[in-house]
K.L.:
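A single structure is presented below for examination.
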Number of protein chains: 2
Amino acid sequence: MSKRVQPSPLDAFDRKILAILQRDNMTPQRTIGDAVNLSAPAVQRRIKRMREEGVILADVSVVAPEAVGQSITIFVEVEVISETADQIERAKTEFAAAPEIQQCYYVTGEADFILVIVVPSMADYEALTRRLFFGNNNVKRFRTFVAMDRVKVGLGVPLE
Amino acid sequence: MSKRVQPSPLDAFDRKILAILQRDNMTPQRTIGDAVNLSAPAVQRRIKRMREEGVILADVSVVAPEAVGQSITIFVEVEVISETADQIERAKTEFAAAPEIQQCYYVTGEADFILVIVVPSMADYEALTRRLFFGNNNVKRFRTFVAMDRVKVGLGVPLE
DNA sequence: GACCCCGACGAAACAAAATTGCAAACAGAC
DNA sequence: GTCTGTTTGCAATTTTGTTTCGTCGGGGTC
């Protein structure tokens with residue numbers, strides 16, 4: 001199920017390449033090569049390997065939510081009643097399936113799940129809570145935080 | 001300062017293209033064209049326009065945090081003492097500057113900021129809290145949630 | 001209705017980038 | 001020192017992105 005193939009260790013070249021790609025994956029390999037002192041084909045082979053090994057999970061465009069009418073970002077802390085493996089698995093599956101849920105994490109602490117949700121309006125959010133939380137009798141409680149400002153949004157990982 | 005240029009409305013073609021790109025932005029334009037019934041140049045013009053208008057914010061590779069030794073994801077709710085515009089701005093700037101902070105949102109509700117943090121170890125997180133929270137006398141309180149499972153992670157927005 | 005203008009399209013030509021084949025450099029094992 | 005693996009750079013090939021150009025269709029004007 002996992003995409004990882006071999007945990008082949010990353011060297012300094014790989015990390016530099018990753019640092020560039022996670023900022024802009026349309027950078028020409030030639031340019032990357034110049035930046036890291038490697039030929040374009042060498043860079044390309046490393047990228048290919050990292051994709052195969054699952055170091056690079058995906059290559060995506062980041063779409064501005066407001067531009068497509070999804071102007072509201074919401075955080076939700078969800079606390080469940082039963083924490084049996086079965087129930088947790090069920091919750092994970094349900095959350096993962098909802099397209100409005102951009103991110104879902106299973107966490108320790110005072111909550112069990114933290115969700116990042118993107119919707120066009122509060123009415124849509126209200127409808128979603130009805131479906132997802134009130135309609136799920138394993139949800140004990142949930143707390144909502146509405147984002148006023150997306151100060152920093154990304155999936156970039158600290159490198160080097 | 002903003003990247004938006006003109007809020008030219010998106011049609012069904014644009015949305016279909018975005019849906020493809022936010023899943024895989026390495027899809028050849030010809031392939032996209034076939035999928036949406038448009039020629040490659042038409043697709044390319046639309047993509048170019050959406051980039052210029054800020055509909056497409058960025059094009060990035062998604063790196064697996066574990067693969068680069070950043071195996072711990074943490075959520076933090078931060079509550080500040082003073083909520084003057086000045087202090088909030090200062091906090092935003094500071095959070096945005098930290099590379100370990102992957103995401104930062106300014107929110108309503110029981111907290112003021114929600115952070116998503118990626119670190120190699122709890123020790124690193126501890127050091128970060130010391131620097132970021134204990135070292136900041138405007139932080140009243142913060143709550144930590146450690147992710148046990150990244151159930152769903154992405155920046156994709158619901159389209160159509 | 002005839003006209004023009006504007007915008008978007010597709011086909012083809014073109015440019016640039018990615019990919020592959022191959023020989024050489026290098027590192028470690030014996 | 002020689003062998004074997006791996007990784008590299010260069011050059012040829014292929015794929016992809018980009019530009020050009022002629023055409024089509026809608027809207028406004030006279």
Side-chain angles (χ1 to χ4, degrees), chain A residues 2-64 67-69 155-156 159-160, chain B residues 3-64 66-69 155-156 159-160:
Chain A
S2 169
K3 279 185 198 123
R4 186 108 348 81
V5 175
Q6 293 173 21
S8 125
L10 305 179
D11 63 13
F13 286 127
D14 293 325
R15 293 183 172 259
K16 274 194 209 162
I17 293 170
L18 286 178
I20 293 171
L21 289 182
Q22 78 172 347
R23 252 185 5 95
D24 178 10
N25 77 347
M26 310 265 280
T27 312
Q29 296 175 348
R30 166 64 198 275
T31 307
I32 299 175
D34 289 349
V36 304
N37 276 319
L38 232 46
S39 70
V43 169
Q44 121 89 325
R45 284 184 276 254
R46 283 165 180 271
I47 294 175
K48 179 167 188 256
R49 174 176 53 77
M50 292 194 283
R51 277 197 230 284
E52 289 167 353
E53 291 174 357
V55 176
I56 296 175
L57 294 172
D59 290 272
V60 301
S61 293
V62 181
V63 175
V68 291
L155 296 177
L159 285 166
E160 74 225 80
Chain B
K3 280 183 195 122
R4 185 109 347 83
V5 175
Q6 292 173 21
S8 124
L10 305 179
D11 64 13
F13 285 125
D14 292 325
R15 293 182 172 258
K16 275 195 209 164
I17 293 170
L18 285 178
I20 293 170
L21 289 182
Q22 78 173 346
R23 252 188 1 97
D24 177 10
N25 76 349
M26 312 266 281
T27 312
Q29 296 174 350
R30 286 159 168 76
T31 307
I32 299 175
D34 289 348
V36 305
N37 276 318
L38 232 47
S39 70
V43 170
Q44 122 98 327
R45 282 186 284 257
R46 283 164 181 271
I47 295 176
K48 178 165 188 267
R49 175 176 51 78
M50 292 194 283
R51 278 197 229 285
E52 288 168 354
E53 291 175 359
V55 176
I56 295 174
L57 295 171
D59 290 273
V60 302
S61 294
V62 181
V63 175
E66 327 84 83
V68 291
L155 295 177
L159 286 167
E160 69 224 81

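Note that the structure is a prediction, hence the values are computed from the model and not measured. Letters go in sequence order (proteins before strands), and every chain restarts at 1.
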K.L.:
With the 90 degree cut-off around zero defining syn, does D/dG5 come out syn or anti?
P.N.:
syn
K.L.:
Who is the Watson-Crick or G-U wobble partner of C/dT19, with both distances under 3.5 Å?
P.N.:
D/dA12
K.L.:
Going from CG on B/D24 to OG on A/S61, what distance comes out if it is rounded to the nearest 0.5 angstrom?
P.N.:
9.0 Å
K.L.:
Rounded off to whole Å, could you give me the CG-to-P distance for the A/N37 and D/dG9 pair?
P.N.:
9 Å
K.L.:
Please work out which residues in residues 39-50 of chain B have a non-hydrogen atom less than 4.0 Å from an atom of DNA chain C and list them by number.
P.N.:
B/S39, B/P41, B/A42, B/R45, B/R46
K.L.:
Above 12 or not: heavy atoms from other molecules or residues under 6.0 Å from CZ of A/R30?
P.N.:
no
K.L.:
Verify side-chain contact (heavy atoms from CB on, under 4.5 Å) between A/M26 and B/R51, making sure each step is shown before the conclusion.
P.N.:
CA-CA 13 Å; A/M26 310 265 280; B/R51 278 197 229 285; 3.1 Å; yes
K.L.:
In terms of side-chain heavy atoms, does A/N25 have a donor or acceptor partner in B/D59 at a distance below 3.5 Å?
P.N.:
no
K.L.:
Can you tell which of D/dG17, D/dT8, C/dC9 lies closest to the side chain of A/L38?
P.N.:
D/dT8
K.L.:
Mind listing the closest non-hydrogen atom pair of B/P9 and B/D14 along with its distance?
P.N.:
O-OD2, 4.2 Å
K.L.:
Nearest 0.5 Å, what's the CG-CG distance between B/L155 and B/L57?
P.N.:
9.5 Å
K.L.:
If you take any heavy atom closer than 4.0 Å to DNA chain D, which residues from residues 11-29 of chain B end up in contact?
P.N.:
B/P28, B/Q29
K.L.:
Within this structure, what is the CD1-OG1 distance for the pair B/I17 and B/T27, rounded to the nearest 0.5 Å?
P.N.:
11.5 Å
K.L.:
Please find the pair of heavy atoms, one from B/R23 and one from A/V60, that lie closest to each other, and give the distance.
P.N.:
O-CG1, 3.7 Å
K.L.:
Does D/dG5 have a Watson-Crick or wobble partner in any strand here, with both distances under 3.5 angstrom, and which is it?
P.N.:
none
